[in-house]
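Below, chains carry the letters A, B, ... as their sequence lines are ordered, and counting in each starts from 1.
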Amino acid sequence: MIKKSFRPNRKYMIWAMITAFIATLIFIAFGVILESYRNNQLDQSIDLYGSYHFCFHGLTDEQIDYVNHHDAVEQTALVRNIETIGKDYVCNCMCVNESLFDISEYRMVEGRFPQAANEVLVPRWFLEQRSHSENPQVGDVIEMIDPISGENEPKVVSGIVCSGYSNIRLTAHHGTSVFFNEDTIQWPGEVNVLYVRLKGTDFKEDIVSSLVPGFTYESETITCDSNDEILYLEGITKDGKRNMLRYLGGYLAIMIVTVLLSAILIRNVLRVMMQKMHGIFEIYFVLGANMSEINRTFIKVLYTYCFCGELLGMLLGLTIGLGASGLLGFTLYVPVKMIAVSLILEALFFFVILLRVKEYNRNIRLTGARTIFRGKHFMFVRFALRNFMTYHLKKVVNILAIAGCVVLLFVVSLVVKDQTKQQDNNDSYDYYLQMDLYGVVDASTYPAEYENLLSKWKNVRDYCISKGHIPYYDAFFVDHYDITKQNMSKELQHTYARTAQGAAALARTNASFQCKLAIMAIGPEAVAEMGMDPLPEHGAILLNRITGKHNMEGSLSGMEGAVIKKEALRTEGEPDEFGNPNYIDVEFQICNLADNIPVYPMLEEDTLCLLIDINEYLYLYGHDYASSFYLKHLTEEEVNEIQGMLTDQTHIRLLNQHEVLDDITHVHRLMWYGMMTMFILGILFVYSNMQLQNIYEFDSRKNEFALLNAMGISPKMLQRLKSLETAFAILFGWLLGLLLCQCLNFVLYHYVIVEDEWIRLEVIWQSAVLIGAVSIIIMLVSAVKNKSSKIDWILKEL
Amino acid sequence: MNQNIRLVDVSKLYGTSGGGFPALKHVNLTIPKGEICAIVGASGAGKTTLLNVMSCLTDVTEGEIFFDDTDITKMNGKEASDYRLHNIGFVFQKYQLMPTLNIHDNICLPYVLAKESVDEAYVTQLVQNLGIESELEKMPDQLSGGQQQRVAIARALALKPSVIFADEPTGNLDSQNGFKTMDLLISCAKELGHTLVFVTHNETLAAMADRKIEIVDGEIA
Ligand SMILES: Nc1ncnc2c1ncn2[C@@H]1O[C@H](COP(=O)(O)OP(=O)(O)O)[C@@H](O)[C@H]1O
Ligand SMILES: [Mg+2]
């Protein structure tokens, strides 16, 4: 019976339901996508590097026993020092399980993993040094000290090993280990290093702390080797903790903002309903009905609707999350705990809002007001402003909704930006010939290996040039360069000033900022492609910004014509008295500035790029000096040819840039879609709020409008009055939103992520401008919509 | 020119086009310029409806209404509001002052709607005549009923309209106050040469008019 009387207002109940639905949808979809994204990164890392691993040095037998019998341990490997070869090189004897070896940074070049106890896996140079045969090869017998007997014993070389690409480091030194099979050899006695691999992904702090007293990742006193990527993603290291905090904080912020927004909306819906149902309630009251019971029933009914909305939102949110994860090729991960807590919080919040039902009927008291109709100008605007000021309490929800949407977008874009943080990508060149660092192959220790590498590099380079492909050399020569404050544009200074350190540095009058300087080689074709005149001798092009800083074009000023002095690798004259070669100095004059260059050096952020002519580069830095380079437009045939030249791809590889970048852009595109969805939902929020506002507020002010109508206000003018009032609400909401974002930005910069500089103000402006523009469009749309409504009802009011 | 309002065979049906409720039935009426005219009749007789059709606030179902020689039933929304703004002043039973504006601004509101500058001299004269010159800075709900109604009268006169419609202007006032207000309204109208059409239940007040029109069930008796 009572419930029946709510029926005419079902429309509003459904409205409340949809509100709860959208809010739940937003944070659940977002949570699921984020969690899946993070967990898939984690999975990928585990795929690549295995689960956690640690290396412990100088352990006792009891400690090793403890680890070996621990539930959480999947594998262990013992490493011991057996011999010293050459002057400074220590050769480690490793006893490893084959599967562990597979994911380590060591790679099998040829042969197989040792099977028998007398078999050993060695680097080529080791084999060449020890083998007595003319032509050393796999299967040869070499002499080496047996770790057990301590005597020189013959061992069969089962394969050749070299270092590869992996995050798992079995020891501190590269390329200086020989391997035995753990299954066939049991080494007693003294152990230098114990390598531990854990089951699953749950970090076992007790293992680490029992083996390394006082160890903590917080303090970053790394005494053991660790899988940084995974520890980072799991939030165990200091950086990882901060990342986790940001991730959870971002999620929480999104959740709170959406729930607040929906609460505002539901409150609005309630007010409209109370207004509409006032008469019904009054009749019940007069008839002597139990008002608290009626109120309770009302709350129950409305709460059921909201709750259904929550459930539906959860389902669709999960579906969207599933869809997005599917599109990304992700496995779906549902942050169950996070969702449960959010849902409970949301439900509680709605409940509190609904409990305050009685308060929504209060009327606004009007107090004294100044005379505003004087003179002739802007009187109508003044009239609208007066109305806005008088009814600002009624409009406050609108203001908050718009502010909330600006903040929501800000937070969403921050989180998306954080998770898809990326450097400049080099997508204009298709292939990258990647060289290992020279430390891996030291010319004096492994001369043969070094020669081999260099000749491979030369072969590929010469082949490419013969086919008409001009390689674009990656920076090989990296140095430092101090940019002075004067050379930094206001914009760049501003970016620096946002961090506490940057601000402190800028405060010094003669401040200069140390940047890395990368010298890259460029062919005349590439210069022409950039639309520039050919480079003169010692001429250079400077990238007009620092890498990693997007949208910072033209952030350096006064650099044109400047001279950068660097040491070349070319020597001149006699070596000095200590026998050191006499390197010549070169001066590059900056004759052009470029905002974007075809490719950026494969380096970290904050690098200056100086482009010089390829011939000069080869002359000054040596024709024989190998460096990674980029290639364009290779045919499939040429790619195959190059791959053939590189044989086993040890130390030197040809990478297809698009394969690497495609994954990234794919993820980014999806994140962008996510943001747009969020944006559209935000607009829905604003729109339903404005519609509700019109219904509620303009309805309660029918009398005023009726009067104006009778007095002869034209329909257009009446519409203008309403629109103007709404415009003021938009303006205030927008300003409030900006203010909140700015506060948030300030807090983030100064208290949360002091070192990170990637958050930029443009993000706020983008969302703010978008929301502002869309609000105005919505305002116009609802104005047009309201215009067509009949004014007959107005008459009854007078 | 003898400005007047002329109703020719006006009918008004409320509700659905088919079997609506007839509020006015074939009304023929002429009100010459400057006339003080009282409309009397039982509740629900159609008095308010009559005023509404004459002020173009609601469409007629049938018939024509001429203001001077213009047929106001043919006007579109914009023309109708212009017509009301410049030719008609309203006084309502419940005063209907704008709650957000003070007394001065309430009186000057018609100027804002007409996008004209406020004629302060005329407004001052008006409020003096009506005896509310000391209330200008107050808000409507700080005034008594009689005072509020006088503000409404001042507002109705602000743009010097040629016709004033007053729908039971004294209905919410006690008889003494009602009489005083009505007296003021009639004297103002006469002084300025406005046509005044007012609805009342009070025979004494009706007697103050030049002409009394009685309406019974939507028809002029
Ligand atoms: N908007 C409307 N819809 C339907 N009927 C109406 C409407 N306005 C008035 N009426 C009816 O028209 C008749 C005349 O109303 P009205 O002119 O207000 O009477 P009065 O002012 O003389 O009391 C009444 O019976 C009333 O019920
Ligand atoms: Mg009436």
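- B/Lys74 NZ: more than 12 foreign heavy atoms inside a 6.0 Å radius.
- With a threshold of 4.5 angstrom between heavy atoms, A/Phe383 approaches chain B through side-chain atoms but not through N, CA, C or O.
- Few gaps surround CG on B/Asp71; more than 12 heavy atoms of other groups in view lie less than 6.0 Å from it.
- Closest approach of A/Glu704 and B/Pro99 over heavy atoms only: OE2-CG, 3.5 Å.
- Between the side chain of A/Arg386 and the backbone N or O of B/Thr100, at least one donor-acceptor pair lies under 3.5 Å.
- With rounding to the nearest 0.5 angstrom, the CG atom of B/Asp105 is 9.0 Å from the CE atom of A/Met379.
- Between B/Leu113 and the options A/Leu718, A/Ile713, A/Leu721, a side-chain contact (heavy atoms from CB on, under 4.5 Å) holds for only A/Ile713.
- Within the 4.5 angstrom heavy-atom criterion, atoms from both the backbone and the side chain of A/Met711 approach chain B.
- Interface check for chain A: of the options B/Lys78, B/Gln93, B/Arg155, the most heavy-atom pairs under 4.5 Å are formed by B/Arg155.
- With a 4.5 angstrom heavy-atom cutoff, B/Leu109 touches chain A via backbone and side-chain atoms both.
- Note that CG of A/Leu708 and CE of B/Met98 are 3.5 Å apart. Values are rounded to the nearest 0.5 Å.
- Listed in order of number, the residues of residues 116-129 of chain B that approach chain A to under 4.5 Å between heavy atoms are B/Glu116, B/Ser117, B/Val118, B/Glu120.
- Residues B/Ser81 and A/Ser714 come closest through the heavy atom pair OG-CA, 3.3 Å.
- Annotation: the span from A/Leu707 atom CG to B/Asn106 atom CG amounts to 8.0 Å, rounded to 0.5 Å.
- The structure places CZ of B/Phe90 at 9.0 Å from CG of A/Asn709, a figure rounded to the nearest 0.5 Å.
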